[in-house]
Every structure is written in structure tokens, then in C-alpha cells.
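Order of the sequence lines sets the chain letters (A, B, ...), proteins ahead of strands, with each chain counted from 1. Keep in mind the model is a prediction, meaning the values are calculated, not measured. Because only heavy atoms are used, hydrogens play no part in the values below, and waters and symmetry mates are left out as well, while side chains stay in.
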2 protein chains.
Amino acid sequence: MADIDSESGRSTPRKRADARRNEATLLDAAASAFVASGVDAPVRDIAARAGVGVGTIYRHFPTRADLIVAVYRHQVEACAEAGPTLLADSSTPHAALAQWINLFVDFLVTKHGLAEALQSDNAAFETLHAYFLDRLVPACAQLLDAAAAAGEIRPDVTAFELLRGVGNLCIGAGEPRYDARRMVEILVAGLRQHPQGTGPR
Amino acid sequence: MADIDSESGRSTPRKRADARRNEATLLDAAASAFVASGVDAPVRDIAARAGVGVGTIYRHFPTRADLIVAVYRHQVEACAEAGPTLLADSSTPHAALAQWINLFVDFLVTKHGLAEALQSDNAAFETLHAYFLDRLVPACAQLLDAAAAAGEIRPDVTAFELLRGVGNLCIGAGEPRYDARRMVEILVAGLRQHPQGTGPR
DNA sequence: TGGCAAACGGAACGCTGTTCCGTATCGTTC
DNA sequence: GAACGATACGGAACAGCGTTCCGTTTGCCA
């Protein structure tokens, strides 16, 4: 853990030049392999694209999850950080929540196989799981809590559950007769609590 | 008449006794392997449980989907046939739809890995896909159409889409913090169209 | 320039699904 | 009941995957 250099680099003696070069090359290769074959692209393919041996991949990214996280880190961060902004700018918390979920869905839907990987119980994806939850659950929870506090949605759904449900609905997006976005829209609509009798005070 | 063979058996010259015995043994073995390791249980495991060679499995069930369909056929049929009954017995079409979906979810949730397999784009599962859709889409469509005709739900969702969405939400059921049944409940709630001029928006 | 730690490459291993063919068994016919 | 052809069986063999491991190369610093 915490051995990401290029930043503080305090006690870490800085990696060798070829190692840093290879890491960058691998990220590019992985990104293009993911686009071409999904996030399950064979390790050998990625290695070949990068012009390195498979051992080099495992040295830099011990599990596939590490590689996926590294490739998509920026986008996940952006999604997480969009939460507070949306909450501040939207007319209602529920609108902010819906917009934020749209961001998340747009991200997932364009990454072939990522939604599947996110729900996989394969041990290789544990880190992926952990990272996504770590970054996105708090963001989602903030929006969810705000909407619940405003009485707009039923209060018994956790951010974890909602993210997982949305992620699940994104599996198979891109197939002809299945519109993941609409399904998520319906799920979010189902969250609403219609004020009748016991309304927000 | 006097059709000893349980199959249609018209031009088919009836299989050898050992073949029929092995097929039954394999179904049992597969069923128990599926319970123990999910529907992805290794072919060799199933063969070992049945006490046969792997070749025998492939002769009887050319693809994994064929085996899965054979194991769960009865339950899928029961689910499909429950549709009209529920529609006749329930107070509203939407109630019938909700109950029917509950049946489907109960079925899926208790089959380790089945929901995942159903959404897999792996060619080996194409038959599985086809069978489930063939049996369940019409049943679902009947309920969906009735509810739509009654104005209870939004009319722009297809049975295919709904089934797929529900199936997706069942992925990962059984994990500690994710309640697939509740997510499906929310999705079904989101289907409702509230008769008061301005729907949820 | 010498030396060594870091990094590399890819052969090798284990676990999958899948195919293939020599062998065994069944059912029929004489 | 013996013989024979068709059917079915078993498991070795192959291919594709992830993962490990170690002999070799390379960058860095003294």
C-alpha cells in the first residue's frame, strides 16, 4: 500500500527509468486492449501490445484489478468529485442524485465488461470492488442522505445497495434490445417516496 | 400409441439403455454440482460425480447451456405457467406482475451463478438465453400488457427488458449487504404510473 | 568502469473447456 | 446363444487462459 511514488517520494528511492517507462506503456496498452476486447482482455494480449513480457505486467500490476483501477482512476475520481457539485447546483437532492447516477452509468456503459467485473466474486477483482466502493459510496451516500432528509425518497436503501443495483443494471448495456439507461431511470424512479400523509416536516 | 419412450420418439429409434441411464445420472450429478459450486462447476467435477468420462457429458449435453436447461427445465416451466394463474387470481394486473416477478426472483436467487450465466455473452450460454426468453418473455409480456392496459404502469417497457433487468439485479444475491429482492421491488415500483396528471419527473 | 540491485522476458505449470478415437457395451439377427 | 454392427463410453490429448519463477539483461551509482 501507499507506495505510489511520483508524489511524495519520501522514503521510496524512485523507480528505475525503464520501469517507469514500461508502466506508462502498459497503461496505454491496457486502455486500448480494454476498448478492443473489454476489461477481460488476455494478459498476453496486453503484454504484446505493450511489447513487454507477461512478467512485467504482474510486476507492475499484481492483479487485473490493479490494472483496471489504474486505467480508470481519473474517471472514477471525477465521478466521485461531481457529487457535491451536483448537490449544490441542482434544484432538489433527488435531481442531483439522478444526474449523478447518470454520470456513473455513462461511465460504466462505455467500458466493455467493467460492470460485469465489478460484480464478479472472483478474488482477482476484490481490489477493484474495494476501490470503487471506497470512492463512490461516500459520494452516493451524501446525495442519498440529502434526498432522504428531504423526504423525496424511501429511506431504507443504502448507497452500497443502490450502486450495486445500478452497476448490475448496466451489465449487458450495448446489446440491441436492452436499454440500461432506461432501466436505471426506472430504478431511480422507484426510489421516490410520494408525499401522501406523512410528508417531510 | 404405446409410446414407451418419453420423448416424441417418432423416427428416433430410442436410445440405448446405458445412454438413458447415464443421462439421468448426469442430471443428478449436475444438479448437485450446481448447488455446491454454482452453474459454472467444472465439467470434470460433474463427470466425476456421475462416475463417467467427460466425453459422455458432451455427447448428452453438447453445451453447458443444454445441461443447465435440462436441470432447471421443470422450474422454468412452472414459472411460465404460473403467469396466467396469477393474472386470474390477483386483484390487479400489477399485483399479479409483482407476484410473478417474485417467483422468478426466488428461482434465480437460489441458483448460484445462474443470473450471471443468463447475462453472459459467452456463446456457450446462447441456448440458455434462448430457452429462458422463449418460455418467460411471453408469460411476462401477458402480465405486462395487462398492467399497461389498465394504466397501472408505464407502457414503454418490454418484457424482454424487464426480465433482463430483474435478472441483472439478481446477480450477487446472497452477498451480505445486497438485497436483490428489495432492489427488484424498487424497480417494479418504478414501473408504476401514478394516475394524477403529472407523473414522477 | 565495475558491480549489484532492479527489472525484464518468456518458458513452464496448473486449471479450464473441448475434441477425438480406440475400446466396450448394447441390442438385434440368425 | 453366438456373432455382428451400431451406439456409447472413457480419458488422453490439445488449446487457451492466468500465474509463477528464475536465468538474463539493464539502469544506476560509487
Side-chain angles (χ1 to χ4, degrees), chain A residues 3 5-6 9 11-27 29-30 33-34 36-68 113 116-117 120-128, chain B residues 4-5 7 9 11-27 29-30 33-34 36-68 113 116-117 120-128:
Chain A
D3 63 348
D5 74 352
S6 83
S11 56
T12 319
R14 176 142 144 264
K15 283 194 295 195
R16 255 169 55 172
D18 55 345
R20 266 176 298 152
R21 205 179 330 120
N22 273 330
E23 186 168 323
T25 308
L26 271 173
L27 279 180
F34 289 171
S37 323
V39 298
D40 295 314
V43 180
R44 282 170 179 78
D45 283 6
I46 303 174
R49 277 174 192 265
V52 304
V54 291
T56 301
I57 292 198
Y58 283 96
R59 195 166 312 103
H60 289 284
F61 307 100
T63 72
R64 170 163 243 107
D66 295 315
L67 189 52
I68 299 177
E116 287 85 341
S120 163
D121 55 359
N122 187 323
F125 291 119
E126 201 181 302
T127 311
L128 184 68
Chain B
I4 312 271
D5 209 343
E7 309 300 323
S11 58
T12 319
R14 176 143 144 262
K15 283 192 297 194
R16 253 168 58 172
D18 55 346
R20 268 177 297 153
R21 206 179 329 121
N22 272 331
E23 186 168 324
T25 309
L26 270 173
L27 279 180
F34 288 173
S37 322
V39 297
D40 295 313
V43 182
R44 282 170 179 78
D45 283 6
I46 303 174
R49 278 174 193 265
V52 304
V54 290
T56 301
I57 292 196
Y58 282 96
R59 195 165 313 103
H60 288 283
F61 306 100
T63 72
R64 171 162 242 106
D66 295 316
L67 189 52
I68 299 177
E116 288 84 342
S120 164
D121 55 358
N122 187 323
F125 291 118
E126 202 180 301
T127 312
L128 184 68

Item checked: Atom-pair distance (CD on B/Glu23; P on D/dA8), nearest Å -> 10 Å
Notebook entry, point to check: When the distance from CD1 of A/Ile46 to C1' of D/dG18 is rounded to whole Å, what number comes out?
Noted result: 12 Å
Margin query: I'd like to know if A/Arg44 reaches the base of D/dG18 with its side chain such that a donor and an acceptor end up less than 3.5 angstrom apart.
Written below: yes
Notebook entry, point to check: Where the side chain of B/Ala17 is defined as all heavy atoms beyond and including C-beta, which of C/dC26, C/dT18, D/dG18 is the nearest nucleotide?
Noted result: C/dC26
Check: Rounding to a whole Å, what distance do you find between A/Tyr58:OH and C/dA11:C1'?
Finding: 15 Å
Note to self: Whole angstroms only, please: what is the CG-P distance between B/Asp66 and C/dG17?
What the structure shows: 15 Å
Next item on the list: Measure the CG-CD distance between B/Leu67 and B/Glu23 for me, rounded to the nearest 0.5 Å.
Entry: 10.0 Å
Check: Are the side chain of B/Arg59 and the backbone of B/Ala19 linked by a donor-acceptor contact shorter than 3.5 Å?
Finding: no
Check: Is A/Thr56 near enough to C/dA7 that one of its side-chain N or O atoms lies under 4.0 angstrom from OP1 or OP2?
Finding: no
Next item on the list: Calculate the interatomic distance between B/Lys15 atom NZ and C/dT25 atom C1'; express it in whole Å.
Entry: 16 Å
Next item on the list: Please determine, by modelled atom types, if A/Thr63 and A/Asp66 share a side-chain donor-acceptor pair under 3.5 angstrom.
Entry: yes
Next item on the list: Would you mind reading off the distance between B/Phe61 atom CZ and C/dT18 atom P, rounded to a whole angstrom?
Entry: 15 Å
Item checked: Check: C/dA7 base within 3.5 Å donor-acceptor of A/Arg16 side chain -> no
Next item on the list: Would you kindly give the NE2-to-P distance between A/His60 and D/dT19, to the nearest whole Å?
Entry: 17 Å
Check: When the nearest nucleotide of DNA chain C is assigned to B/Asp45 and to B/Arg21 on a heavy-atom basis, which residue is associated with the more 5' position?
Finding: B/Asp45
Next item on the list: Looking only at side-chain atoms of B/Val52, point me to the closest of C/dC26, D/dG10, D/dG11.
Entry: D/dG10
Checklist line | Contacts of type salt bridge (Lys or Arg N to Asp or Glu O under 4.0 Å), residue A/Asp18, not counting sequence neighbours | finding: A/Arg16
Margin query: For a quick test of reading the model: is some side-chain N or O of B/Asn22 closer than 4.0 Å to OP1 or OP2 of D/dC9?
Written below: yes
Notebook entry, point to check: Is the shortest side-chain N/O distance from B/Arg59 to OP1 or OP2 of D/dC9 below 4.0 Å?
Noted result: yes
Notebook entry, point to check: Would you call A/Asn22 and A/Lys15 a side-chain contact if the rule is heavy atoms closer than 4.5 Å?
Noted result: no
Check: Rounded to the Å, how far apart are A/Asp18 CG and D/dT25 C1'?
Finding: 10 Å
Next item on the list: Report the residue (A/Asp40 or A/Gly55) whose heavy-atom-nearest nucleotide on DNA chain D is the more 5′ of the two.
Entry: A/Asp40
